[in-house]
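Every heavy atom of this structure was used, including side-chain atoms; hydrogens, water molecules and symmetry mates were not. The structure displayed is predicted, hence computed values, not measured ones. The chains referred to below are lettered A, B, ... by the order of the sequence lines, with proteins before strands, and numbering in each begins at 1.
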Number of protein chains: 2
Amino acid sequence: MDRAGRAPPVHAARGLYVLTGQAPEVLLHVGSPARGARWQELLPTLVSGLIVRQWPDVGDPAAIRYVAAWAPPAGLLASLPHLEVVFSVGAGVDHLDLSDVPAHVPVVRMIEPGLVRGMEEYAVFAVLALHRGMLGHIAQQRQGAWGDADPVTATPARRIGIFGLGAIGGAVAARLASFDFAVAGWSRSPRSIDGVETFAGDATLAAFLARTDILVNVLPLTDATRGIIGAATLARLPRGAGLVNIGRGGHVDEAALLLALDSGHVGGAILDVTSREPLPAGHPFWQHPRVLLTPHIAGTTDVSGGAAAIAEQILRHRRGDALTGVVDRQAGY
Amino acid sequence: MDRAGRAPPVHAARGLYVLTGQAPEVLLHVGSPARGARWQELLPTLVSGLIVRQWPDVGDPAAIRYVAAWAPPAGLLASLPHLEVVFSVGAGVDHLDLSDVPAHVPVVRMIEPGLVRGMEEYAVFAVLALHRGMLGHIAQQRQGAWGDADPVTATPARRIGIFGLGAIGGAVAARLASFDFAVAGWSRSPRSIDGVETFAGDATLAAFLARTDILVNVLPLTDATRGIIGAATLARLPRGAGLVNIGRGGHVDEAALLLALDSGHVGGAILDVTSREPLPAGHPFWQHPRVLLTPHIAGTTDVSGGAAAIAEQILRHRRGDALTGVVDRQAGY
């Protein structure tokens with residue numbers, strides 16, 4: 001019963017009694033069957049009257065209000081007449097063809113605490129590794145050589161630069177600032193974060209790079225950012241700078257990075273993403289002593305955190321509240 | 001002039017005019033000549049009337065009030081009739097023969113922000129590396145293999161155990177707790193740290209180990225702790241547990257650790273210290289895929305931070321205030 005004491009109408013939807021005035025709605029999940037199975041259990045407990053279907057079991061296309069996907073098959077979205085929201089199951093939407101999404105349907109990025117925490121953890125791991133010369137220690141261990149305890153650069157003298165200051169970049173910047181690093185961040189539009197120097201727009205890029213000893217990339221991949229970490233950008237970093245890429249492989253001109261690593265202009269790179277994944281056999285990054293490679297593990301959407309994030313958005317949508325994390329079609333993120 | 005308007009007596013000490021009522025005092029530094037030279041500049045600016053000599057240039061033994069050393073030569077301390085305080089230049093005093101220090105002379109450990117911060121940084125790096133499976137990724141990279149993005153253990157479900165809760169252990173525990181890990185600490189005597197579950201004394205050791213997925217050792221090396229990380233301790237950790245050693249090599253029974261690594265009972269070890277340093281050529285740790293070795297770099301005393309810490313203690317001593325970080329001769333730390 002609701003607060004006014006009225007018994008709500010009861011709908012029987014595929015064996016589920018739905019205690020709301022709402023007609024049952026279907027969310028179609030396109031992705032890992034393991035996650036799909038968990039979301040089929042979890043989401044209906046969070047959103048009354050929601051039924052989760054797992055692609056390719058579409059059922060009645062007219063019943064589908066929501067799609068949650070990384071890369072929906074071409075034409076799918078346009079075939080759903082009552083589609084109301086598309087959810088990306090990752091923080092990025094670069095694998096999703098935005099031109100395939102009907103113009104009136106918002107696309108929502110995945111921002112959930114597990115994913116943000118994963119990116120924060122990886123960024124802190126990688127920045128500390130470069131700060132403390134760990135790639136050199138790993139290479140020395142392989143050679144059976146006990147290195148010198150080089151003088152440590154004091155933390156406040158180490159200048160970290162975060163490329164991208166959205167939900168993830170902001171969290172990474174704040175976390176690194178709590179270690180007393182000198183943290184700055186660059187983004188297209190102006191941002192403000194406690195304890196972090198912020199730069200905005202192309203005109204400030206050179207100044208941002210010139211003061212950055214360790215560059216951490218968390219930019220979204222768009223037409224404007226593809227290849228942004230190329231020869232010109234790397235040349236503007238101080239000699240010996242480090243690079244951490246937890247954005248996308250497409251941000252980096254890998255040939256330019258190799259040249260910079262081999263010349264020593266870039267002292268080390270920790271790369272969670274590459275232009276092709278898996279990285280092809282024989283690629284020079286595999287055995288490069290100044291490169292640490294991981295297989296795209298920095299931020300993965302937590303199954304229950306992801307369900308909670310989608311549930312919250314659907315409830316906002318039902319109440320008529322504004323969705324959060326809606327992708328700007330023009331900007332591409 | 002002092003507050004009462006009296007002009008203080010002026011002493012001429014080796015060309016330095018000392019504007020205090022204090023007779024000039026000598027601190028003898030036994031250690032790296034580079035640090036000694038910097039302390040000869042720095043300390044007199046922080047402590048009026050202090051003269052720094054660099055071993056073996058002892059000068060008049062009767063003028064020496066303070067010795068700052070890692071391992072003073074046998075017999076030196078007993079030969080200084082007016083010795084008042086011995087300062088360790090490191091956080092540990094295990095290299096210092098306490099039986100060689102006259103009974104009335106306090107021995108003070110080095111606790112300075114740069115050293116504590118270095119230990120914190122290393123501990124966070126190493127815990128995140130083990131938490132996120134980085135030793136496996138490093139080994140896979142070497143083999144040219146792109147691994148799977150294994151499901152990440154949620155941070156709050158990862159149980160970190162800090163072995164030793166002094167100034168360093170306490171800072172490490174608090175820092176890791178800020179990442180939302182489940183952090184506990186073990187020490188001989190009871191401690192209390194916000195957000196950290198604390199265990200004290202031998203009777204609680206088994207319970208502490210049983211709930212610890214990643215053990216971080218920052219214990220002092222004493223007769224009571226030598227070899228404490230042996231077969232029995234390792235067996236009490238859950239299968240697949242990780243070990244971070246930033247204490248001393250002497251804490252670990254390296255043969256027992258190797259067996260545990262090879263059986264998979266210990267999933268990975270990050271070792272900054274070993275029983276012999278440099279680690280001898282051919283030791284199995286060098287090429288072990290589950291071991292990351294670094295050459296005793298975790299915490300190094302910052303030259304200016306160390307000078308400031310010693311200066312503060314000398315000023316406390318002159319005022320008659322209690323010194324901080326005084327070593328308990330009985331406990332050995």
Student: Dump the intermediate steps for salt bridge (Lys or Arg N to Asp or Glu O under 4.0 Å) on D213(B) and R159(B), then the final yes or no.
Tutor: CA-CA 5 Å; D213(B) 298 315; R159(B) 299 164 301 172; 2.8 Å; yes

Student: Quick one: pull up CZ in F163(A) and CD1 in I229(A) and give me the separation to the nearest 0.5 Å.
Tutor: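 Answer for the CZ-CD1 pair, F163(A) versus I229(A), is 5.5 Å.
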
Student: Can you tell me how far apart NE2 (H29(B)) and CZ (R38(B)) are? Round to the nearest 0.5 Å.
Tutor: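 Here the rounded value is 12.5 Å.
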
Student: Heavy-atom cut-off 4.5 Å, strictly under: side chain, backbone, both or neither for Y122(B) against chain A?
Tutor: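 Both parts, backbone and side chain.
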
Student: Please determine, among G136(B), A126(B), A298(B), the option with the most heavy-atom pairs under 4.5 Å with chain A.
Tutor: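 Answer, by heavy-atom pair count under 4.5 Å with chain A: A298(B).
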
Student: What residue, out of S178(B), A154(B), G114(B), G133(B), has the most heavy-atom pairs lying under 4.5 Å from chain A?
Tutor: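 Among S178(B), A154(B), G114(B), G133(B), the one with the most close pairs to chain A is S178(B).
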
Student: Check whether A145(A) gets within reach of chain B through its side chain, its backbone, both or neither, counting any heavy atom under 4.5 Å.
Tutor: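 Only the backbone of A145(A) comes within 4.5 Å of chain B.
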
Student: Could you tell me which portion of V127(B) (side chain, backbone, both or neither) has an atom closer than 4.5 angstrom to a non-hydrogen atom of chain A?
Tutor: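 For V127(B), neither part sits under 4.5 Å from chain A.
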
Student: Check whether any side-chain heavy atom of E254(A) lies under 4.5 Å from a side-chain heavy atom of F285(A), and answer yes or no.
Tutor: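 Heavy-atom side-chain distance check passes, below 4.5 Å.
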
Student: Between Q140(B), E120(B), M134(B), H131(B), which shows the greatest number of heavy-atom pairs under 4.5 Å with chain A?
Tutor: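 Highest number of pairs under 4.5 Å: M134(B).
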
Student: Hey, which residues of residues 273-284 of chain B are touching chain A, say heavy atoms under 4.5 Å apart?
Tutor: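 T274(B), E277(B), P278(B), L279(B) fall under the 4.5 Å cut-off.
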
Student: Please state whether the rings of W146(A) and W286(B) are parallel, tilted or perpendicular, taking 30° and 60° as the class boundaries.
Tutor: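 Perpendicular.
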
Student: Is there side-chain contact between D253(A) and L257(A), with heavy atoms separated by less than 4.5 Å?
Tutor: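 No - every pair of side-chain heavy atoms lies 4.5 Å or more apart.
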
Student: Answer yes or no on whether R175(B) is positioned over the face of F179(A), meaning its NZ or CZ is under 6.0 Å from the six-membered ring centre and within 45° of the axis.
Tutor: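 Yes, a cation-pi geometry holds between R175(B) and F179(A).
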
Student: Quick one: what part of V303(A) sits under 4.5 Å from any heavy atom of chain B, side chain, backbone, both or neither?
Tutor: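 Looking at V303(A), nothing touches chain B.
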
Student: Is there side-chain contact between L115(B) and D302(B), with at least one heavy-atom pair below 4.5 Å?
Tutor: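 L115(B) does not reach D302(B) side chain to side chain.
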
Student: Would you confirm whether E112(B), through its side chain, and T301(B), through its main-chain N or O, come within 3.5 Å as a donor-acceptor pair?
Tutor: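 Answer holds: no.
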
